[in-house]
Amino acid sequence: MAANEEMLLSAAADLGNVPSGASDMAHIVLTFDNNRLASALYGQFDENLARIEQKLGVDIRPRGNQLSIRGNVTAAEQARRALDHLYGILQKGVNIAQSDVDGAIRMTLASDDQLTLPTLERKGKMAAAQISTRKRTIYARSPNQDAYMRALDRSELVFGVGPAGTGKTYLAVAHAAMLLERGMVERIILSRPAVEAGERLGFLPGDMKEKVDPYLRPLYDALYDMMPADKVERSIAAEVIEIAPLAFMRGRTLAHSAVILDEAQNTTTMQMKMFLTRLGENSRMIVTGDPSQIDLPPNTKSGLVDALRVLTDVPGIVTVRFNEKDVVRHPLVAEIVTAYDREARLARGGVVED
């Protein structure tokens with residue numbers, strides 16, 4: 001039986017240590033049917049519970065396979081939804097890490113599912129988008145990730161734009177791997193500008209593959225996370241998975257494919273137009289990039305920035321914009337992104353709000 005099916009809710013009269021008359025307080029008891037999964041949910045030395053307490057301002061007391069959550073009605077319900085979501089992930093055989101806990105908190109804070117006073121009736125589970133391959137399942141860890149994953153499901157051309165660490169490329173590759181496994185596309189094509197400012201590869205040692213591989217390493221890494229290594233290597237050898245610099249796309253029509261362009265901020269306007277017009281029958285195209293990290297020569301317009309302007313009102317194209325709140329790497333990465341964004345606004349003469 002799932003944790004939420006065993007859940008008990010009580011009003012302020014059952015609060016014990018909560019001061020009488022605190023009608024905006026709640027006490028929620030969760031009972032889990034699997035002690036091993038409950039232990040994994042709590043984390044080593046209950047670190048996952050401590051993080052939820054810190055972020056949501058609630059008091060969580062574990063006792064065996066039961067959790068007691070006390071706090072403000074809204075915060076207690078948010079904690080309940082986050083824990084219920086994380087337990088559901090564990091039930092599917094997927095381990096959770098601190099980043100998953102942070103993601104569950106972000107998602108529940110953005111959710112409109114609230115308790116309805118005075119009955120404290122639950123309005124359902126937190127629903128996070130997911131991408132499943134044979135090797136692993138990925139859940140959205142922020143509202144913008146959720147929107148991005150849903151856009152990938154329904155749209156043939158999606159732009160994922162924002163800072164490093166938000167999962168733009170990783171989720172795009174995961175979605176492409178899922179489409180290939182399900183037979184919805186026949187191949188995956190991964191591309192990016194091979195080097196900053198113009199794809200000049202001649203000075204590098206080795207053959208063409210050896211020249212471009214270092215620039216495409218993030219795409220390889222994501223693939224190996226989604227698929228068994230031997231299958232990735234066989235698929236690359238059979239050209240079911242193709243990883244190539246952007247210059248190799250010219251003159252092609254990419255049909256029955258999942259096509260990803262990464263680091264798109266370093267394309268020129270002509271390169272971007274060339275790439276977008278490669279879209280063929282029964283294909284999906286995903287373009288990712290960070291307009292704040294353009295490495296093109298001075299006075300060279302970014303193809304990504306230009307495309308976002310030109311294609312704003314084109315039906316069937318979806319743009320999802322990430323920000324520092326979507327960073328799912330080390331917490332310091334979000335702070336670094338925020339600091340650099342603040343500096344950029346100051347350089348442009350903008351107003352910085354604390």
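Because only heavy atoms are used, hydrogens play no part in the values below, and waters and symmetry mates are left out as well, while side chains stay in. Numbers for residues simply follow the sequence, beginning at 1. Values in this document were obtained by computation on a predicted structure and should not be read as measured data.
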Item to check | Donor-acceptor under 3.5 Å (S302 side chain, L304 main chain) | outcome: yes
Checklist entry - Any donor and acceptor pair, going by atom type alone, linking the side chain of D59 with main-chain N or O of R70 inside 3.5 Å? => result no
Checklist entry - Between R51 and E47, is there a side-chain N and carboxylate O pair less than 4.0 Å apart? => result no
Checklist outcome for this item: D225 meets the salt bridge (charged side-chain N to carboxylate O under 4.0 Å, His left out) criterion, sequence neighbours left out, with R136
Checklist entry - How about T166 and D326: does a side-chain donor come under 3.5 Å of a side-chain acceptor? => result no
Item to check | Whether K55 side chain and R106 backbone form a donor-acceptor pair below 3.5 Å | outcome: no
Checklist entry - Residues two or more places apart in sequence or in another chain: which of them pass side-chain hydrogen bond (donor to acceptor under 3.5 Å, both in side chains) with D100? => result R141
Item to check | salt bridge (charged side-chain N to carboxylate O under 4.0 Å, His left out) involving D230 - partner list, sequence neighbours excluded | outcome: R234
Checklist outcome for this item: Residues passing the ring pair (Phe, Tyr, Trp, His ring centres under 6.0 Å) test with Y139, sequence neighbours excluded, are H85
Checklist outcome for this item: salt bridge (charged side-chain N to carboxylate O under 4.0 Å, His left out) pairs touching residues 153-165, sequence neighbours excluded, are none
Checklist entry - Applying salt bridge (charged side-chain N to carboxylate O under 4.0 Å, His left out), which residue pairs with at least one partner in residues 237-250 are found, sequence neighbours left out? => result E242-R252
Item to check | Closest approach of A174 to I138 (non-hydrogen atoms, all atoms of both residues) | outcome: CB-CD1, 3.6 Å
Next on the checklist: Tell me whether T269 contacts the main-chain N or O of G303 through its side chain, where contact means a donor paired with an acceptor under 3.5 Å.
Outcome noted: no
Next on the checklist: Once you measure the plane-to-plane angle for F322 and Y148, does it fall in the parallel (<30°), tilted (30-60°) or perpendicular (>60°) bin?
Outcome noted: perpendicular
Checklist entry - Judged by atom type as modelled, is there a donor-acceptor pair below 3.5 Å linking the side chain of S155 to the main-chain atoms of L152? => result no
Next on the checklist: Going by ring pair (Phe, Tyr, Trp, His ring centres under 6.0 Å), name the pairs with one or both residues in residues 287-316, residues two or more places apart or in two chains.
Outcome noted: none
Next on the checklist: Tell me whether D146 contacts the main-chain N or O of A129 through its side chain, where contact means a donor paired with an acceptor under 3.5 Å.
Outcome noted: yes
Checklist entry - Which pairs count as salt bridge (charged side-chain N to carboxylate O under 4.0 Å, His left out) when at least one residue sits in residues 158-175, sequence neighbours excluded? => result none
Item to check | Qualifying salt bridge (charged side-chain N to carboxylate O under 4.0 Å, His left out) pairs, either residue in residues 260-278, two or more places apart | outcome: R192-D262, R192-E263
Checklist entry - Which atom pair, heavy atoms only, marks the closest approach of N48 to A40? => result ND2-O, 3.6 Å
Item to check | Sequence-distant partners of T133, side-chain hydrogen bond (donor to acceptor under 3.5 Å, both in side chains), two or more places apart | outcome: none
Item to check | Test ring pair (Phe, Tyr, Trp, His ring centres under 6.0 Å) applied to F275 - qualifying residues, sequence neighbours left out | outcome: none
Next on the checklist: S191: which residues meet the side-chain hydrogen bond (donor to acceptor under 3.5 Å, both in side chains) condition with it, sequence neighbours left out?
Outcome noted: none
